[in-house]
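We count ligands from 1, going down the list as the structure has it; atoms in each ligand are counted the same way. For reference, positions follow the sequence shown, starting with 1.
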Amino acid sequence: MSHIPHLINGERVAGNGRSAPVYNPSTGDSTSAVGLADRATMQLAIDAAKAAFPAWRNTPPAKRAQIMFRFKQLLEQNENEIAALISAEHGKTLEDAIGELKRGIENVEFACAAPEILKGEYSRNVGPNIDAWTDLQPIGVVAGITPFNFPAMVPLWMYPLAIVCGNCFILKPSERDPSSTLFIAELAQQAGLPKGVLNVVNGDKSVYDAVDALIEAPEVKALSFVGSTPIAEYIYSEGTKRGKRVQALGGAKNHAVLMPDADLDNAVSALMGAAYGSCGERCMAISVAVCVGDQIADALVEKIVPQIQALKIGAGTQCGLDMGPLVTAAARDKVKGYINAGVAQGAKLVVDGRDLVVPGNENGYFVGGTLFDRVTPEMTIYTDEIFGPVLCIVRVGSLEEAMQLINDHEYGNGTCIFTRDGEAARLFCDEIEVGMVGVNVPLPVPVSYHSFGGWKRSLFGDLHAYGPDGVRFYTRKKAITQRWPARKSHEAAQFAFPSNG
Ligand code: NAD
């Protein structure tokens, strides 16, 4: 069985021999073992990043950007290999894996603009012979902790930008699907990153404290986290307590509102992809359809049921499928547990994916597309993030009621409205308490030159991820005011506060 190592100071490092199995979720087979870092291994990465920082922070941004250009090229050249690695450990379809990679590459493209991004601001003659400018300086050693569901894209939200801003990075990826993440980091190395600028340390919190080592290390100045809400809250509170900059993106429950005038055929296609794509394991997945009126709800059920029943489900490593398995046996059991709870709590189970068996892949972690109707807000299938292929229909009487429902939910990551009514769409965009909003767009994931972030318990911290907010997060502003008095001139001491008045 192959061993997945760490990448520290530009070298593969095996660690201390302790490891966890990694599975192919389509077959249930354990395919490799990932090294789990202890504190000593994590310290090697922290030391490497710290040692690389002085030279890297003084490397011209244009040179840093050139590495990103080469990195982008390498990612594109290796697209199929990366997609295969993602599918083999995550289970998502190859097409979906390529989609995630392309959205990750967008962030590398944004990072290629480093010289422009880091220009700062300049003002000449703010006072007599005085010029002032604002510099964007790197923070130092920064770290990222990423989830299993986007092993390529989410790390690429973080380190290309952090690195072109002049920081050195330690990435702690998910221990469930680490191969593509490591492969991509090695491509960044191949593109020309100096040793120690990017380090990847595998590990988990519960066993060997890899995450706590990052939180506690005084050398680590900022932490970016993406994952579930309880861990986001933990990392935010423990990190900020120690004076670190933290941005922690958490879980979600994303609602799509269907207005009576929605273009139903297009809304159904959009819902199918957004609810069942990647087996529902997306933080922007639509898991609740809020239907305004019984008529649109009945029409939705009639149109969507045959499409759910026709979903092509199989091993993620094949082409031409709609959906693969869930990531682990535990994830499958959790999703089935929620479906059982929905039935017990009185929701109407319209399509039941619990008994799906994929011929030839009987041991894979599959759950079929599932649909509940007449879901009410106190049911756990409504309150909790299921993170599986389960869509819940909630029926309401008006747009105001739909918006109140969404605003009352603890999460506020993404949402969308399907309508032909501009006034309704405008009200929705203005008043909904959610960070990312789509109008007839089911997965409103911002492009790399905007920033990504939810509201409420979907994000802890002040800044969103990547894009302009990412630059703010990974840099510190320094305002410099400079005077070069004319030779032989002398100014008397001034005791009043200096002004242009
Ligand atoms: P997770 O919270 O279990 O794990 C995320 C990371 O934290 C992993 O690297 C993991 O090893 C580490 N971790 C796990 N337990 C920890 C602990 N006790 N202390 C410290 N670190 C710990 O999340 P996941 O299951 O990998 O990913 C799914 C979750 O991520 C979902 O809730 C999903 O909504 C969320 N997510 C959010 C976004 C977003 O942008 N808001 C994006 C992707 C995923």
Contact (N/O only, under 3.5 Å) between [X] and ligand 1:
X: T229; answer: no
X: E175; answer: yes
X: G227; answer: yes
X: S458; answer: no
X: T146; answer: yes
X: L249; answer: no
X: G250; answer: yes

So with a 6.0 Å cut-off around [atom1] of [X], is the heavy-atom count from everything else above 12?
X: K50; atom1: NZ; result: no
X: D462; atom1: CG; result: no
X: R476; atom1: CZ; result: no

Within the side chain of K312, is there an N or O that forms a donor-acceptor pair under 3.5 Å with the backbone of M323?
-> no
Which of the atoms of ligand 1 are close to [X], meaning less than 4.0 Å from one of its heavy atoms?
X: V211; answer: 20 (C), 21 (N)
X: N149; answer: 43 (C), 44 (C)
X: I231; answer: 2 (O), 15 (N), 16 (C), 17 (C), 18 (N), 19 (N), 20 (C), 21 (N), 22 (C)
X: F452; answer: 39 (C), 40 (O)
X: S174; answer: 9 (O)
X: I145; answer: 6 (C), 7 (O), 9 (O)
X: P173; answer: 9 (O)
X: N413; answer: 41 (N)

For ligand 1, indicate whether the residue [X] contacts it via side chain, backbone, both or neither (heavy-atom separation under 4.0 Å).
X: D212; value: neither
X: Y411; value: neither
X: E281; value: neither

Going by atom type alone, with no hydrogens or angles, which donor-acceptor pairs under 3.5 Å involve a side-chain atom of residues 270-278 and a protein atom two or more places apart or on another chain?
from, atom 1, to, atom 2, distance (Å)
Y276, OH, T370, O, 2.9
S278, OG, D96, OD2, 3.3

Less than 3.5 Å apart, any donor N or O on the side chain of [X] or [Y] sitting next to an acceptor on the other?
X: T380; Y: Q345; result: yes
X: R354; Y: N340; result: yes
X: Y382; Y: H255; result: yes

Out of S228, G435, A465, indicate the one that has the non-hydrogen atom closest to atom 1 (P) of ligand 1.
-> S228
Is there side-chain contact between Y411 and T229, with heavy atoms separated by less than 4.5 Å?
-> yes
T146: partners by side chain to side chain contact (heavy atoms under 4.5 Å, CB included), with sequence neighbours left out | V154, P155, M158, L171, P173
Below 4.0 angstrom, N of the basic side chain to O of the carboxylate: do E100 and K92 qualify?
-> yes
K102/E106 salt bridge by N-O under 4.0 Å criterion | no
